[in-house]
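In each ligand, atom 1 is the first atom listed, and ligand 1 is the first ligand listed.
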Amino acid sequence: MANLWGGRFTEATDASAYRFNQSISFDKRMYEEDIAGSLAHAKMLGKQGIISSEDMEKIIDGLNSIRDDIAAGRLVISEEAEDIHSFIESELTDRIGDAGKKLHTGRSRNDQVALDMKLYTRKRIQETDRLIDLLMRELLKIMEDNIDTYMPGFTHLQKAQPVTLAHHAGAYFEMFIRDRQRLADIYERMNTCPLGAGALAGTTYDLDREYTAEKLGFTGGPTRNSMDSVSDRDYLIEFLSALSTIMMHLSRSCEEIILWNSNEYRFVEIDDRYSTGSSIMPQKKNPDIAELVRGKTGRVYGALMALLTTMKGIPLAYNKDMQEDKEAAFDAMDTVLDCLREFTGMISTIRFNRDIMEDSAKKGFTNATDAADYLVKKGVPFREAHSITGRLVLKCVEKGIALDDLPIEEYKAESDVFEKDIYDAISMKTCVEKRLTKGAPGRERMLEAVRFYRVYLEDMASDKD
Ligand code: ARG
């Protein structure tokens with residue numbers, strides 16, 4: 001297939017150099033965006049009288065038919081073309097003749113690819129947001145069902161204080177709120193249209209850049225500096241950074257699920273549909289999906305690192321290095337969407353062993369702070385109360401029992417402030433329910449939080465309408 005730029009050359013590109021240089025094998029996925037950009041450009045050229053209305057009409061019909069044919073599988077994108085831009089332009093000329101050769105008036109592949117990439121990224125941002133929304137709906141269900149499911153909260157992976165499963169899930173809900181805020185910020189900041197920046201210095205044609213920006217849904221209007229327009233990939237770096245953060249969140253949760261699903265914890269059981277077996281050990285049921293999500297996190301970080309590194313040495317304006325923005329970024333986008341889908345499937349089918357969770361909180365002395373607080377409320381200075389409770393814990397450790405099961409005489413032996421009401425004061429129910437500071441797991445606070453999250457999801461849904 002002929003290049004767009006053959007005129008100045010007397011020899012064809014070396015075959016392996018051609019393969020090295022091409023991007024069609026991976027940028028063909030942007031065909032819809034490329035056609036959308038070309039349609040806007042052609043309409044603008046016609047409106048401005050830069051091309052005739054007849055040519056404009058032919059171009060529009062031609063582009064629409066190419067898009068429909070590709071979508072329907074009637075036209076296969078030939079990988080002989082250098083890139084998707086060349087493919088569509090030459091296909092257009094094959095279909096409509098000379099009018100097709102006018103499409104590229106006042107445009108360069110540099111502003112064209114900058115536009116395509118922005119349009120493509122924008123869609124992926126929206127899709128990522130939608131999948132996080134579905135995930136959050138599952139998390140909310142888990143919260144609603146587990147306001148009273150007590151479990152140990154950990155620090156240093158040591159049992160620390162009692163929380164609830166709802167509270168634990170709420171922590172992730174918060175992370176995903178921030179993830180979505182980041183996506184919305186990026187969307188907003190990249191909301192300017194590079195089309196019309198030309199190769200790097202604009203053009204002498206009387207282009208209406210406001211018109212194309214509007215047609216393509218860039219409410220921020222056209223970009224302000226043509227050199228920046230063709231060489232800006234900040235939005236992609238920001239998106240990869242946001243995707244990396246999303247993966248970090250998913251990975252942390254997967255790590256917990258893997259631990260919780262282990263024989264040692266048994267807090268959860270991952271559904272058969274999201275586990276796999278071992279080829280040799282018949283008893284095994286492995287948390288592969290969670291492990292893979294955790295594992296794929298590295299790959300997404302890698303894409304971010306790769307693009308940052310590619311961009312750091314590029315002088316203004318466009319350089320071919322920038323073609324390297326695509327493969328890793330596409331891979332990262334696909335990976336995150338896949339991980340969000342699988343993760344959501346996994347958590348919506350997971351079973352929680354509530355009794356084991358509560359038992360683990362009891363056995364882990366997560367109520368020791370509350371035993372000390374009991375003394376403090378009866379006038380014992382906190383440091384002293386801390387040390388008395390420490391000794392009680394030691395007794396329990398030696399006996400292999402929980403604080404709840406230590407006889408009252410043993411309590412009294414350490415401090416005569418203790419009365420029988422200590423058992424009520426350190427019951428899981430009291431420990432959790434008295435935690436009523438804002439953000440704490442106490443029932444009333446959690447009910448408030450759940451209400452807030454419900455409204456949040458409703459608002460997010462109505463924003464989209
Ligand atoms: N395939 C190129 C890319 O992805 C398109 C832009 C080519 N422009 C150029 N002047 N060679 O960046």
Using a cut-off of under 3.5 Å, which N/O atoms of ligand 1 pair up with protein N/O atoms, and what distance separates each pair?
{"unit_1": "ligand 1", "atom_1": "1 (N)", "unit_2": "Ser23", "atom_2": "OG", "d": "2.9"}
{"unit_1": "ligand 1", "atom_1": "1 (N)", "unit_2": "Gln323", "atom_2": "OE1", "d": "2.7"}
{"unit_1": "ligand 1", "atom_1": "4 (O)", "unit_2": "Lys326", "atom_2": "NZ", "d": "2.5"}
{"unit_1": "ligand 1", "atom_1": "8 (N)", "unit_2": "Asn110", "atom_2": "OD1", "d": "3.0"}
{"unit_1": "ligand 1", "atom_1": "10 (N)", "unit_2": "Asn110", "atom_2": "OD1", "d": "3.0"}
{"unit_1": "ligand 1", "atom_1": "12 (O)", "unit_2": "Tyr318", "atom_2": "OH", "d": "2.6"}

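Residues Ser348 and Lys141 have side chains not in contact (no heavy-atom distance under 4.5 Å, counting atoms from C-beta outward).
Judged by a 6.0 Å distance limit and a 45° cone about the ring axis, Lys118 is positioned over the six-membered ring of Tyr235.
Between Arg252 and Glu255, none of the side-chain N atoms (NZ, or NE/NH1/NH2) sits under 4.0 Å from a carboxylate O, so this pair counts as no salt bridge.
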What pairs of donor and acceptor atoms, side-chain ones from residues 435-442 against any protein atom, are under 3.5 angstrom apart with sequence neighbours left out?
{"unit_1": "Arg435", "atom_1": "NH1", "unit_2": "Asp370", "atom_2": "OD1", "d": "3.3"}
{"unit_1": "Arg435", "atom_1": "NH1", "unit_2": "Asp370", "atom_2": "OD2", "d": "3.1"}
{"unit_1": "Arg435", "atom_1": "NH1", "unit_2": "Cys431", "atom_2": "O", "d": "2.9"}

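Partners of Ser275 by side chain to side chain contact (heavy atoms under 4.5 Å, CB included), not counting sequence neighbours, listed by chain and number: Ile270, Lys285. Residues passing the side chain to side chain contact (heavy atoms under 4.5 Å, CB included) test with Glu89, sequence neighbours excluded: Leu4, His104.
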